[in-house]
A.B. asks: 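Mind looking over this structure? Questions follow.
This one's a predicted model, so the numbers in the text were calculated from it and none came from an experiment.
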Amino acid sequence: MDGPVAGNIKRLGEAGLFGLGIPTEYGGMGADEVTRHEYAEILASACGVTAFTQQQIQTGTRLVVEAENEDLKCELLPALASGSLRCGIALSHLRRKGSPLVRAEQVAGGYTLNGVIPWITGWGLLDGFALGATLESGEHLFVY
């Protein structure tokens with residue numbers, strides 16, 4: 001990780017700001033939506049690229065916060081809140097018309113994912129990412 005944006009992302013993580021929207025019981029700040037929006041505005045006024053990149057990290061983290069899997073939340077959210085782990089998002093274009101870019105097929109013990117992920121925001125700055133895939137039923141599966 002090098003360059004000004006990478007350095008900014010590192011410092012924001014070290015300051016615990018990726019935990020802004022994470023509930024306090026998982027080590028986050030538990031900030032409300034208004035506070036999160038104000039933070040995004042202030043950061044964007046300083047550096048748009050940093051703001052965009054960190055927003056994608058916040059979005060990836062939000063998908064974990066909203067997950068039903070309590071074990072996943074207990075495992076990942078404290079590290080995401082502290083900035084020692086960064087989760088971005090893979091853009092799989094779930095809402096686009098036509099055939100899904102990423103399909104999920106249920107198999108014994110889990111799912112098999114197949115397809116193309118055209119973009120992962122923050123590549124090189126992340127430890128992992130959240131990915132959406134389309135099931136045969138048309139429902140969406142989100143995985144970390």
A.B. asks: Is a side-chain N or O of Thr53 found less than 3.5 angstrom from the main chain of Thr50, in a donor-acceptor match?
C.D. replies: no
A.B. asks: Pair up each side-chain donor or acceptor in residues 123-141 with any protein partner under 3.5 Å, not counting sequence neighbours, and list the distances.
C.D. replies:
unit_1, atom_1, unit_2, atom_2, d
Asp127, OD2, Arg86, N, 2.7
Ser137, OG, Glu139, N, 3.3
Ser137, OG, Glu139, OE1, 3.3

A.B. asks: Taking Ser82 for its side chain and Ser84 for its backbone only, find out whether a donor-acceptor pair lies under 3.5 Å.
C.D. replies: yes
A.B. asks: Side-chain heavy atoms nearer than 4.5 Å, only ILVMFWY residues, links allowed to pass through others: does that put Val65 and Leu72 together?
C.D. replies: yes
A.B. asks: Hey, can you pull the donor-acceptor pairs under 3.5 Å for the side chains in residues 15-36, sequence neighbours left out?
C.D. replies:
unit_1, atom_1, unit_2, atom_2, d
Tyr26, OH, Glu70, OE1, 3.2
Tyr26, OH, Glu70, OE2, 2.4
Asp32, OD1, Val34, N, 3.3
Asp32, OD1, Thr35, N, 2.8
Asp32, OD1, Thr35, OG1, 2.8
Glu33, OE2, His37, NE2, 3.3
Arg36, NH1, Ala31, O, 2.8

A.B. asks: Should Gln54 and Ile9 count as side-chain neighbours, where that means a heavy-atom distance under 4.5 Å?
C.D. replies: yes
A.B. asks: Just so I know, are the side chains of Leu76 and Tyr144 near enough to count as touching, which here means a heavy-atom distance under 4.5 Å?
C.D. replies: yes
A.B. asks: Please say yes or no: joined through hydrophobic side-chain contacts below 4.5 Å, possibly via intermediate residues, are Ile117 and Tyr111 part of one cluster?
C.D. replies: yes
A.B. asks: Please determine whether residues Trp119 and Val49 belong to a single hydrophobic cluster, defined as Ile, Leu, Val, Met, Phe, Trp and Tyr linked transitively by side-chain heavy-atom distances below 4.5 Å.
C.D. replies: no
A.B. asks: Show the numbers, then the answer: is there a side-chain contact (heavy atoms from CB on, under 4.5 Å) between Asn114 and Val102?
C.D. replies: CA-CA 6 Å; Asn114 290 296; Val102 182; over 6 Å; no
A.B. asks: To the closest 0.5 Å, what do you measure between CD (Gln58) and CG (Leu63)?
C.D. replies: 12.0 Å
A.B. asks: Tell me whether Leu94 is reachable from Leu101 by hopping between hydrophobic residues (I, L, V, M, F, W, Y) whose side-chain heavy atoms are closer than 4.5 Å.
C.D. replies: no
A.B. asks: Would you indicate whether Arg96, at its atom CZ, is surrounded by more than 12 heavy atoms from other residues, nucleotides or ligands within a distance under 6.0 Å?
C.D. replies: yes
A.B. asks: Please examine the side chains of Ile120 and Ile89, heavy atoms only from C-beta on, and report whether any two atoms are closer than 4.5 Å.
C.D. replies: no
A.B. asks: Starting from the C-alpha separation in whole Å, work towards a yes-or-no answer on side-chain contact (heavy atoms from CB on, under 4.5 Å) for Tyr39 and Leu43.
C.D. replies: CA-CA 6 Å; Tyr39 165 75; Leu43 190 58; 3.7 Å; yes
